Amino acid sequence: MPSQITNYQCPSCMGPLHYAGASGKLECEYCGSSFTVQEIEALYAEQNEQAEQAAVDAEQEVHSEADYEADWDCDAAGSEWGAEAAGMKQYSCPSCGAELICDATTAATSCPYCGNPSVVPGQFQGGLKPDYILPFKLSKEDAVSALRSYYKGKHLLPKAFADSNHIEEIKGVYVPFWLFNGEADVDMRFAATRVYTSRRGDRRITETDHFDVRRGGTVAFSRIPVDASTKMPDSHMDAIEPFDYAQLRPFSTAYLPGYLADIYDVEARDCARHADERATNTAGQIVESSVSGFTTCTPVSQRVRLRRGRVDYALLPVWMLSTRWNGKSFLFAMNGQSGKLIGDLPVSRGRYWARFAGVAAPIAAVLLALQYLL
Amino acid sequence: MKRKLLCCLLLALLLCACFAAPAFADGENAGLGYITDATGSLTSEEVQTLTQTAAAISQKHECGVYVVLLEDYTEYNRRGIEYCAEELYRYFDLGWGADRDGVMLIMSMKQREYDIAAYGDFGNYAFTDYGKDYLSRSFLDDFRRDDWYGGFRDYLDTAESMLDSAREGEPVDLVVQEREPVRVDPITRVLIAILPSSVVAVLFCGAEKRKMKTAVSKRTAEDYVVPGSARLYIREDRFLNRTRTVEVIRQEHRSSGGGGGTTVNSGGFSHHSGKF
């Protein structure tokens, strides 16, 4: 029976392959051979088709109750999955035969037993297939180094956090994003004034011209990204932007080995509100910036009509790093393409107050001295 | 201007010939006398007495003290009584010594205006802004009663005492009162020091704290604007109305600017003018 999982293996030594961002090729961890994405795609086309078919068959399979002999009482062992079962999927690792229990949205993972990168091509069937993928450019080492650099210059960071901090987990994830294309028609009105001041004798004359200013225009947006996975914190995914879309490639599962990948679990229409808000705000700012030559300018009304266009589905590269300190988890995200790293850090109360005193004390001393001197 | 100056000269020469004979004795003044009355407000005896007094004061202090009484100063200079005073002073080369130190009281009966003009280093030193005001207060009450002789006597007496003071190194000037130091108790002083410094520290630490929280949602999409796609199709600036406000600029009072001294113009004169 064909497996639903594809393990990309080296044609030379059968070792596991992983996609290396630096070379843009799939590399063998054992013999060091490297292969282009196109070569691997051609090699694994048939196997992927079989895996996709196996996924379809698995969906349709009617589970029949096993006809067990009555010598073991298995009724008490385990319990029903219940509602959780809907969110889980079971696969068999083609390398070692281990059973893999994954989220229903998992599209690429690694076998916890043999460590082989495993791709589930069936997850990308039909409408679930991404249009694009932005391959990883930066490695795990780059992410670790970026985190170390991120701590530098943070004067309120507890010393123990930086010194004894160990990265608990680091994973490269292809995060599903909806990319929204469209145009915004903006019609704005402003109350503007132009003020002239002159002096005649001992009088200062201020003349204010009042204007009703109207601006209307269009602004086109291309691929505003909104994270389509509930597993990823939206604020983290927003903060690591922007991505360079010039590097976008047509989707291929050959980019996935070595990384985790999820399929979307938030519909595009549910993400659209965030894209609409961002497009509306920016279009308003651009139109407002065209008002010039006035002393004051206050927006009075704003009407924005969005002409929503095509929505693309893409997997974008993100390094997720998590640490634990004082029983709390800290999650960091790094743009796998640009290296921009973000994440909230703990604040040391001691350092905060030391800093406070370091600033306040000299100023207070100077002010006190001035009071006695002047 | 030349015609007016000529008139002025003729008038002055005439007046000098009549009343100022003793003044020429010291040889310092070539034209105008110490006391010049073109209005007939003083008798010849009064002029003579005043001239002798003025000459004595001037000689003692080497600083000319003059009085010029005109019917209408605009016949000599239309720009103002101060300009008229300067023109006469310069034209007749009044004053003592190389600096031409002196003080002149010029009065115009038609406008009932007067001006005290001081000139020269010592003249301006002795007759400060406050001093000229002080000098004017000595004769104004006499002039309001049309007591011209009494007024000029008071003028000469006061000018003499002012010159005495100036020679002693203490010209009559505004005494700047030392402000009473505000008594602030130590606790208030500490609070005054702590509060603003705490505000600065809170702002500084707030900025540091913001650097610790970088996972923030985006509200704009400027990175995804298609280059060159922004087009304006409505651009209207409609004028509605104009409003006008007029504000009277409060003039700073000269004496409130931080003490005494003399305000000397570019011509080297200092003035104090008014009505009598």
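Worth knowing before you read on, the calculation uses all heavy atoms, side chains too, and leaves out hydrogens, waters and symmetry mates. Letters A, B, ... mirror the listed sequences (proteins, then strands); counts begin at 1. Remember, it's a predicted structure, so these values are computed and weren't measured experimentally.
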What part of [X] is in contact with chain A, defined as an atom under 4.5 angstrom from a non-hydrogen atom: side chain, backbone, both or neither?
| X | result |
| --- | --- |
| B/V202 | both |
| B/D237 | both |
| B/F204 | side chain |

Chain B contacts, top residue of [options] (heavy-atom pairs, under 4.5 Å):
| options | answer |
| --- | --- |
| A/G293, A/P225, A/A279 | A/P225 |
| A/G217, A/G216, A/A192, A/P233 | A/G216 |
| A/V213, A/T218, A/I240 | A/T218 |
| A/V359, A/T282, A/I205 | A/T282 |
| A/M188, A/M237, A/H274, A/R215 | A/R215 |
| A/A333, A/A184, A/S235 | A/S235 |

I'd like to verify something: which residue of [options] has the highest number of heavy-atom pairs under 4.5 Å with chain A?
| options | result |
| --- | --- |
| B/L232, B/V246, B/I192 | B/L232 |
| B/V226, B/I234, B/V199, B/V225 | B/I234 |
| B/K211, B/K209, B/R219 | B/R219 |
| B/D223, B/T220, B/V200, B/V190 | B/T220 |

Tell me, for [X] versus chain B, whether the close heavy atoms (under 4.5 Å) come from the side chain, the backbone, both or neither.
| X | answer |
| --- | --- |
| A/R355 | both |
| A/L157 | both |
| A/F190 | neither |
| A/V186 | backbone |
| A/F294 | side chain |
| A/N181 | neither |
| A/L156 | both |
| A/P346 | backbone |
| A/Q285 | side chain |

Check: Taking the six-membered ring for Trp, is the centroid-to-centroid distance between A/F330 and A/F161 below 6.0 Å?
Finding: yes
Margin query: Less than 6.0 angstrom separating the ring centers of A/Y132 and A/Y245, yes or no?
Written below: no
Quick one: does [X]'s side chain have a donor or acceptor within less than 3.5 Å of a partner on [Y]'s backbone?
| X | Y | value |
| --- | --- | --- |
| A/W319 | A/L341 | no |
| A/S338 | A/F243 | no |
| B/R112 | B/F276 | yes |
| B/S138 | B/T158 | no |

Notebook entry, point to check: Between the side chains of B/N265 and B/E82, does any donor sit under 3.5 Å from an acceptor?
Noted result: no
Notebook entry, point to check: How far apart are the C-alpha atoms of B/D115 and B/K132, what are their side-chain angles, what is the distance that settles it, and do they pass the salt bridge (Lys or Arg N to Asp or Glu O under 4.0 Å) test?
Noted result: CA-CA 10 Å; B/D115 178 61; B/K132 286 194 280 291; over 6 Å; no
[X] with [Y]: basic N within carboxylate O range, under 4.0 Å:
| X | Y | value |
| --- | --- | --- |
| A/R214 | A/D212 | no |
| A/R351 | B/E208 | no |
| B/K218 | A/D238 | no |

Notebook entry, point to check: In terms of ring plane angle, is the pair B/H272 and B/Y114 parallel, tilted or perpendicular, where the classes change at 30° and 60°?
Noted result: tilted
Check: To the nearest 0.5 Å, how far apart are CG in B/D173 and OG1 in B/T262?
Finding: 6.5 Å
